[in-house]
Amino acid sequence: MKIIMLGAPGAGKGTQAKLIAAKYNIPHISTGDIFRANIKTGTPLGIKAKEFIDKGLLVPDELTLDLIKDRFLGADCINGYVLDGFPRTLPQAEALAASLAESGEKIDYAINVDVPDENIVNRMSGRRACLKCGGTFHIKYNPPVKEGICDLCGGTLMQREDDKPETVARRLEVYHEQTQPLIDYYKENGVLKTVDGTQDVDKVFSDIVDILG
Ligand code: AP5
Ligand code: MG
């Protein structure tokens, strides 16, 4: 099963993608997590990506496409994957469709986690992320058992650099300009499903399971 998560920054794509990956036994592939891991270890890709991410801008398509094509070669992708944060532009979506078409494949579902902008800033300011395993929590809506410590791996939870309110505002603008058009793109492809992302985490997930079966 090949799934794409669509939605604004902070809509809950990562939160839901992790639950989907665990239930359907497919890898969760987050381009944002891959960039952050590269930034942390100071790779050439990480150094380039950081310039854009810290400003709330998208990393250029060329860099992102090289990274994702490489990730798709992983043996764990044989039964599909859940993509979180990719594609994010029409050229990325078209490149993905073209590369799948080469082997007669296609995306099965594009799940749009719908959350209005008003709710987003709240979510971002309370988000805490584990830099070690990518686990995501919220101080109020989804708190870890022990404050500041990741439930999943025991790592330290941090606030993301790009979760400052002014950067969040820029990310939302970029989302509306460059990523939102993908909703129509996947609607035309007949694979779009929308869920109400303002509900609590478990309810959003059960709506997604109803769609995926
Ligand atoms: P990325 O890491 O993908 O960031 P994003 O799209 O901005 O999304 P977020 O990770 O911020 O939000 P999310 O939807 O995953 O929400 P989450 O589940 O954490 O990308 C970062 C940057 O990398 C981009 O800005 C760009 O520069 C670059 N990049 C990445 N991919 C790229 C690409 N393809 N092309 C070019 N550049 C790219 O939830 C948010 C918070 O809300 C959490 O605290 C969570 O606990 C809480 N929460 C979740 N669900 C609920 C709920 N139902 N109710 C209450 N709280 C909830
Ligand atoms: Mg995320």
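Read the numbers this way: they start at 1 and go in the same order the structure lists the ligands and their atoms. Worth knowing before you read on, the calculation uses all heavy atoms, side chains too, and leaves out hydrogens, waters and symmetry mates.
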May I ask you to check whether over 12 heavy atoms, not counting those of M1, lie within 6.0 Å of atom CE? yes
Check: A11 N/O within less than 3.5 Å of ligand 1 N/O: yes
Indicate yes or no: does an N/O atom of F35 lie under 3.5 Å from an N/O atom of ligand 1? no
Carefully, step by step, assess L6 and V113 under the rule side chain to side chain contact (heavy atoms under 4.5 Å, CB included). CA-CA 6 Å; L6 292 174; V113 183; over 6 Å; no
Give yes if a backbone or side-chain nitrogen or oxygen of R171 is under 3.5 Å from a nitrogen or oxygen of ligand 1, and no if not. yes
Exceeds 12 heavy-atom contacts within 6.0 angstrom, atom CD of E62: no
Part of A8 with heavy atoms under 4.0 Å of ligand 1, whether side chain, backbone, both or neither: backbone
Of R36, R88, K55, the residue with the heavy atom nearest atom 24 (C) of ligand 1 is R88
Nearest non-hydrogen protein atom to atom 28 (C) of ligand 1, with distance, is I53 CG1, 3.8 Å
Would you check if the distance from the ring center of F52 to the ring center of F35 is below 6.0 Å? no
Hey, looking at atom 53 (N) of ligand 1, which of Q199, K13, K203 has the closest heavy atom? Q199
Polar-atom distance check: V204 versus ligand 1, any N or O pair below 3.5 Å? no
Nearest-option assignment for atom 9 (P) of ligand 1, heavy atoms, candidates M124, R127, H138, R170: R127
Nearest to atom 16 (O) of ligand 1, what protein heavy atom do you find, and at what distance? G12 N, 3.2 Å
Side chain or backbone, does T136 bring an N or O within less than 3.5 Å of an N or O on ligand 1? no
So which protein heavy atom does atom 15 (O) of ligand 1 come closest to, and at what separation? G14 N, 2.9 Å
For a quick check under 3.5 Å, do D33 and H28 share a side-chain donor-acceptor pair by atom type? no
Within reach of ligand 1, part of M5 (heavy-atom separation under 4.0 Å): neither
Nearest protein heavy atom with distance in Å, relative to atom 4 (O) of ligand 1: R160 NH2, 3.3 Å
Atom 26 (C) of ligand 1: closest protein heavy atom, distance to 0.1 Å, is L57 O, 3.6 Å
Classify the contact between D33 and ligand 1 as side chain, backbone, both or neither, using a heavy-atom distance cut-off of under 4.0 Å. neither
Report, as yes or no, whether the 6.0 Å neighbourhood of atom CD1 on I78 holds more than 12 heavy atoms from other residues, nucleotides or ligands. no
Decide yes or no on side chain to side chain contact (heavy atoms under 4.5 Å, CB included) for D196 and V204, but give the supporting numbers first. CA-CA 7 Å; D196 175 1; V204 178; over 6 Å; no
Within 6.0 angstrom of N79 CG, more than 12 heavy atoms from elsewhere: no
Using a strict 4.0 Å threshold on nitrogen-to-oxygen distance, state whether D54 and R160 make a salt bridge. no
Salt bridge present between R171 and D163 (N-O < 4.0 angstrom): yes
Go through it in stages, so that I can follow the logic: the residues are Y141 and N122, the test is side chain to side chain contact (heavy atoms under 4.5 Å, CB included), and I'd like the CA-CA distance, side-chain angles, deciding distance and then a yes or no. CA-CA 10 Å; Y141 308 127; N122 227 342; 3.7 Å; yes
Under 6.0 Å from the CG atom of N189, do we count more than 12 heavy atoms belonging to anything else shown? yes
What do we get for Q16 next to ligand 1 when only non-hydrogen atoms under 4.0 Å count, side chain, backbone, both or neither? neither
Just to confirm my output: which protein heavy-atom neighbour is closest to atom 34 (N) of ligand 1, and how far is it? G85 O, 2.8 Å
Measure the distance from atom 52 (C) of ligand 1 to every protein heavy atom, then report the residue, atom name and distance (to 0.1 Å) of the closest one. R123 NH2, 3.4 Å
Polar contact flag for G10 and ligand 1 (N/O pairs, less than 3.5 Å): yes
Contact partition for V113 relative to ligand 1, non-hydrogen atoms under 4.0 Å: neither
heavy-atom search around atom 35 (N) of ligand 1 in the protein gives Q92 NE2, 2.9 Å
Does the ring-ring contact (aromatic ring centres under 6.0 Å, His included) test come out yes or no for Y109 and Y186, once each step is laid out? CA-CA 9 Å; Y109 298 97; Y186 286 109; over 10 Å; no
Side chain, backbone, both or neither: the part of T15 lying under 4.0 Å from ligand 1 by heavy atom: both
The answer for which part of F137 has a heavy atom under 4.0 Å from ligand 1 is backbone
